[in-house]
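Have a look at the structure below before the remarks.
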2 protein chains.
Amino acid sequence: MVPKPSSSITLDSFDLAILNTLQRDNTTPQRVIGETVSLSAPAVQRRIRRMEEAGVIQTNVAIVDPAQVGQAITIFVEVEVISETAELVDAAKREFASVPEVQQCYYVTGEADFVLVVIVPTMAAYEALTRRLFFGNNNVKRFRTFVAMDRVKVGLTVPLPE
Amino acid sequence: MVPKPSSSITLDSFDLAILNTLQRDNTTPQRVIGETVSLSAPAVQRRIRRMEEAGVIQTNVAIVDPAQVGQAITIFVEVEVISETAELVDAAKREFASVPEVQQCYYVTGEADFVLVVIVPTMAAYEALTRRLFFGNNNVKRFRTFVAMDRVKVGLTVPLPE
DNA sequence: ACTCATACGACAAAATCTTGCATTTATCGG
DNA sequence: CCGATAAATGCAAGATTTTGTCGTATGAGT
């Protein structure tokens, strides 16, 4: 599965139906998908490959329960930076993205500049991370922490038209 | 793939290595995984199934690029509620979780009570969603919006020990 | 009307996944 | 220290899925 550069393709309702299935369970046999969307299995397979090559399907992954691997704490962090020059912002992006504990990182507008989703085993680990990532960064003006008590809904499912 | 109720199992370094592979690409053949962790393919397969039954592996999904399916805008929302009684909080959880545009929902401590990750095709759609979800809810005191300009890092990969 | 491009289904081949079974390894009580 | 039981492994056969090839149908453009 080589993540080729995407070149934007058009999707019909067959593709969307296939995506909707794969978004929920990508172990579904192509034969079964074919039955539900009224196509042959090879046709389904061709469409899947096309969407993978175009980058519509970015990756196929197993989703792991953090709690069961000792990474029980999910934390949101809003980060505000001092200077928003392109270089400094890019540097921050690269630094945040390179940290394994940072599960997600978004560059946003509004009262904050970055929003991070962090996964750590203990609050002590989080504290150590803040020292390294925020207090150790001259360009971080302020950050706000939100500890998750309940992961009500977690996923990367995209609402699809149709 | 039946998502059975989990009953917490112990994981050894073999399991963690397998998880680390599947987290990144669950289409990796078990034979290949076996080679990298020094186990036979059936042994790998049995471990995977055990972890699926125990809920360590929650699901297997394809990750779709929102931009390529016309859902280009990612938005963070911090929601603050008026009353935090158990019933009202549960009601809010259920309502947020039921909305397809709400990709993720966390109940958090701190200056906000909920954090949402929302995916919409247009700002108009977001505005309509806020009317329905926040202005139409008596228990919502205030919400703050952060529009994502760059999805720097997106995923549900859990940092694994070892 | 013709041609080319695209997508389809059917079939066959290759690869992968699954299962049964004998053996090895680990644990625990004697 | 030794033997019995339980758990996990590897190997090999069988079932399933995925992949590739071929011929055909549908549409767009000439």
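All figures in this text were calculated on a predicted structure; none of them were measured in a lab.
A distance-only check finds a donor-acceptor pair linking the side chain of A/K153 to the backbone of B/V102 [under 3.5 Å]. With hydrogens and angles disregarded, a donor-acceptor distance shorter than 3.5 Å links the side chain of B/R24 to the backbone of B/N20. A donor-acceptor pair is defined here as one N or O able to donate and one able to accept, closer than 3.5 Å; such a pair exists between the side chain of B/D15 and the backbone of B/D12. The backbone N or O of B/A54 lies less than 3.5 Å from a partner atom in the side chain of A/Q68, making a donor-acceptor pair. Counting only distance, with no hydrogens or angles, the side chain of A/Q23 and the backbone of A/V158 share a donor-acceptor pair below 3.5 Å. Of the possible polar contacts, none joining the A/N60 side chain to the B/N26 backbone as a donor-acceptor pair under 3.5 Å is found. In terms of modelled atom types and a separation under 3.5 Å, the side chain of A/Q104 and the main chain of B/V154 share no donor-acceptor contact.
Proximity of residues 41-48 of chain A to DNA chain D (heavy atom under 4.0 angstrom from any strand atom) is restricted to A/P42, A/Q45, A/R46.
For the pair B/E35 CD and D/dC11 P, the interatomic distance rounds to 12 Å; values are reported in whole Å. With rounding to whole Å, A/I18 atom CD1 is found 13 Å from D/dT18 atom P. Straight-line distance from the CZ atom of B/R49 to the C1' atom of D/dA8: 14 Å, rounded to whole Å.
First and last contacts of DNA chain C with chain B, using any nucleotide atom under 4.0 Å from a protein heavy atom and ordered 5' to 3', fall at C/dT16 to C/dG20.
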inquiry  = Quick one, B/T74 with A/Y106, criterion side chain to side chain contact (heavy atoms under 4.5 Å, CB included). Give me CA distance, side-chain angles, the key distance, then yes/no.
reply    = CA-CA 9 Å; B/T74 301; A/Y106 302 81; 3.9 Å; yes
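Between B/Y126 and B/V147 there is no side-chain heavy-atom pair separated by less than 4.5 Å.
Each end of the helix from C/dA1-D/dT30 to C/dG30-D/dC1 gets its own axis, taken as the rotation carrying the C1' atoms of four end pairs onto the next four within a five-pair window, and the two axes meet at 30° to the nearest 10 degrees.
The aromatic rings of A/F96 and A/F114 sit perpendicular to each other, their planes meeting at more than 60°, with 30° as the lower class boundary.
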